[in-house]
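Structure first, then comments.
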Amino acid sequence: MSEEVDLFVIGAGSGGVRAARISSGYGAKVMIAEEYRVGGTCVIRGCVPKKLLVYASRFHDEFEDAAGFGWTVPAPKFDWATLIANKDKEIDRLERAYTANLDRAKVKIVKSRAVLLDPHTVKLMATGETVRAKHILIATGGAPSMGKDIEGREHVISSNEAFHLKELPKRILIQGGGYIAVEFAGIFNGLGSEVTLVYRGDNILRGFDDEVRTHLRGELEKRGIKVITKKIVEGVEKVDHGLCVGLSDHENIVVDKVMFATGRRPNVKGLGLEASGIKLSPTGGIAVDEYSQTNVPHIYAVGDITDRIALTPVAIREGHAFADTVFGKKPTPVDHTNVPTAVFSEPEVGVIGLTEAQACAQLAKVDIYKSTFRPMKATLSGRDTRTFMKLVVDGTTDRMVGAHIVGPDAGEMIQLIGIAMKMKATKADFDATMAVHPTAAEELVTMRDKTATHVRQAAE
Ligand SMILES: Cc1cc2nc3c(=O)[nH]c(=O)nc-3n(C[C@H](O)[C@H](O)[C@H](O)COP(=O)(O)OP(=O)(O)OC[C@H]3O[C@@H](n4cnc5c(N)ncnc54)[C@H](O)[C@@H]3O)c2cc1C
């Protein structure tokens, strides 16, 4: 007879682990299946290892900038193998910590792929056993989408492999314009690779405020990253001295590595969703309501698999809310508005809320406040870089509806602006806040003059 549980969680990533631990805390008998490594994308091959590589890449500027402050630094040498080994050690430690937390919470972990046989039965592929579950949570995340099949596709890596390269490529071409592409461009550039970024659209970071996109592109180019837009990779061929990449305008570029960061797709394939009658959303994720409930009432889905907002804190919040709703008897919807987010490019980007264009499309009157300035550190280091900040304000209510920052520590700043915006802060609240001097963030409370006001014409 197969084992019976109150909750079976498929996928031990950000959303699944949180949901399993909290549900168990409410007294549910919980089992969680993981086919790869406990911790999921964020811990094993996403946010955490990525940020560690970002830290590594930023020492490059620190060594250079030190001279303007009187330091003489011997020519620094970088060893990729040391970085990767230390990063792997930290990821192993985190995986053990996640496993221990699940054990402590009395969640049973099974190291296996799990698929649905019917709406209440899960099959563990490693052993062939089946488990009966009163509730099922699908938290299987997403995977790199490599686009259409091109010639030489076998030579192309995704972010998954980028974390395990044997050596630092001297020359790398990255296709993509989203945050992962831009972040890896900064990582490899900072570590000393020659980087080419190829993107099919007009400009990088589609969906971000247009001036953020233009400003960041300019900063990347100043750092020596070659940004090629409106082109795609049509094929990759192995040649004697590397990989020859053919672009859509017949230009050829020879590099040592080719990476595609062309989006991610929800892991829905082969899960047995049809057998359970679970419906997908138009974008290919599992369709859910505000409680993360699917069309099959005892089956829920959280995180990247639902293709709502693919970020770790969102997956965690959804997983927690699921546990509160189903086992804590506290129905808890998740508010997906005003989610602050960062791009760990060089320089960093931090954004929240509406872009200028979105605000103009949605509101009757929009006030814009903007500032571009040289970060104080650059005055002595001599580095050619500028910080950009923009506040988007509802001109009718004075409410802050968007904030966009490109510059050092933008991610840290946007987290705190997020609190203010959740509290419905107005521009007058920002103005009434005393500045912290000398900081870059003080600019956010000292922008007095509107740079633009947009008034929507009444519909004719
Ligand atoms: C390179 C990169 C950088 C990122 N950086 C950031 C960042 O800086 N900040 C941020 O907020 N987000 C970042 N993200 C996104 C973040 O990692 C995801 O949003 C988050 O991990 C989603 O959590 P999840 O629980 O939905 O899925 P995941 O964390 O992906 O976990 C899903 C788990 O399910 C397992 N699984 C899949 N199918 C099955 C099955 N059938 N049976 C058993 N197990 C299965 C997978 O192996 C995986 O471990 C990044 C992602 C990538 C790829």
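Read the numbers this way: they start at 1 and go in the same order the structure lists the ligands and their atoms. A quick note: this is a predicted structure, and the numbers were derived from the prediction, not measured.
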- ligand 1 contact by I10, heavy-atom criterion under 4.0 angstrom: yes
- Task: Using a cut-off of 6.0 Å, state whether more than 12 heavy atoms not belonging to R206 lie near its atom CZ.
- Result: no
- Is it true that E64 and R383 have a side-chain N and a carboxylate O under 4.0 angstrom from each other? yes
- Note on the structure: By ring-ring contact (aromatic ring centres under 6.0 Å, His included), F344 pairs with (sequence neighbours left out) none
- Task: May I ask you to say whether D92 pairs ionically with R37, meaning some side-chain N is under 4.0 Å from a carboxylate O?
- Result: yes
- Message: Quick check on K106: does its NZ atom have over 12 non-hydrogen neighbours (other residues, nucleotides or ligands) under 6.0 Å away?
- Response: no
- Message: If you define the side chain from C-beta out and look only at heavy atoms, does anything of E219 sit under 4.5 Å from R386?
- Response: yes
- Euclidean distance, Y98 OH relative to R93 CZ, rounded to 0.5 Å: 10.5 Å
- Side-chain donor-acceptor contact under 3.5 Å, E318 with S292: no
- Would you please determine whether S112 falls within less than 4.0 Å of ligand 1 on a heavy-atom basis? yes
- Query: For atom 19 (O) of ligand 1, what's the nearest protein heavy atom and its distance?
  - Reply: D304 OD1, 2.9 Å
- among protein heavy atoms, the one nearest atom 51 (C) of ligand 1 is Y179 OH, 3.7 Å
- Query: Should one rank S158, A114, G16 by closest heavy-atom distance to atom 41 (N) of ligand 1, which comes out on top?
  - Reply: A114
- Atoms of ligand 1 less than 4.0 Å from G15 heavy atoms? 25 (O)
- Note on the structure: atom 21 (O) of ligand 1 has as its nearest protein heavy atom C42 N, 3.4 Å
- Query: Among P49, G270, C47, which one has a heavy atom closest to atom 12 (N) of ligand 1?
  - Reply: C47
- Looking only at protein heavy atoms, what sits closest to atom 49 (O) of ligand 1 is E34 OE1, 2.7 Å
- Using a strict cut-off of 4.0 Å, indicate which atoms of ligand 1 neighbour a heavy atom of L311. 10 (C), 11 (O), 12 (N), 19 (O)
- Message: Is the contact between L271 and ligand 1 made by the side chain, the backbone, both, or neither, using heavy atoms and a 4.0 Å cut-off?
- Response: side chain
- ligand 1 contact on K50 by region, counting heavy-atom pairs under 4.0 Å: side chain
- Is a side-chain N or O of S193 found less than 3.5 angstrom from the main chain of V195, in a donor-acceptor match? no
- Query: Taking only heavy atoms of P313, which atoms of ligand 1 are found under 4.0 Å from at least one of them?
  - Reply: 11 (O)
- Tell me which one of P144, A126, G46 gets a heavy atom nearest to atom 2 (C) of ligand 1. G46
- Considering only NZ, NE, NH1 and NH2 on the basic side and carboxylate oxygens on the acidic side, decide whether E62 and K377 come within less than 4.0 Å. yes
- Item | Distance from atom 16 (C) of ligand 1 to nearest protein heavy atom, with residue and atom | T312 OG1, 3.4 Å
- Item | Qualifying residues under salt bridge (charged side-chain N to carboxylate O under 4.0 Å, His left out), relative to D335, sequence neighbours excluded | K422
- Message: Is it the case that ligand 1 has an N or O less than 3.5 angstrom from some N or O of S14?
- Response: yes
- Atom indices of ligand 1, in the order listed, that fall short of 4.0 Å to a heavy atom of A315: 23 (O)
- Could you tell me whether R171 and D256 have a side-chain N and a carboxylate O separated by less than 4.0 Å? yes
- Message: Check K87 with E90, please: is the shortest side-chain N to carboxylate O separation under 4.0 Å?
- Response: no
- Item | CZ/R213: more than 12 non-hydrogen atoms of other groups inside 6.0 Å | yes
- Query: Is ligand 1 less than 4.0 angstrom away from at least one heavy atom of R264?
  - Reply: yes
- Closest to atom 32 (C) of ligand 1 among protein heavy atoms sits A139 O, 3.3 Å
- Task: Starting from atom 45 (C) of ligand 1, find the nearest protein heavy-atom neighbour and note its residue, name and distance.
- Result: E35 CG, 3.6 Å
- Message: If the cut-off is 4.0 Å to any non-hydrogen atom of A310, which atoms of ligand 1 fall inside it?
- Response: 15 (C), 19 (O)
- Message: Taking 4.0 angstrom as the limit and counting only heavy atoms of G303, give me the atoms of ligand 1 inside it, by number and element.
- Response: 26 (O)
- Task: Would you mind checking which non-hydrogen protein atom is closest to atom 31 (O) of ligand 1, with the distance to 0.1 Å?
- Result: G13 CA, 3.3 Å
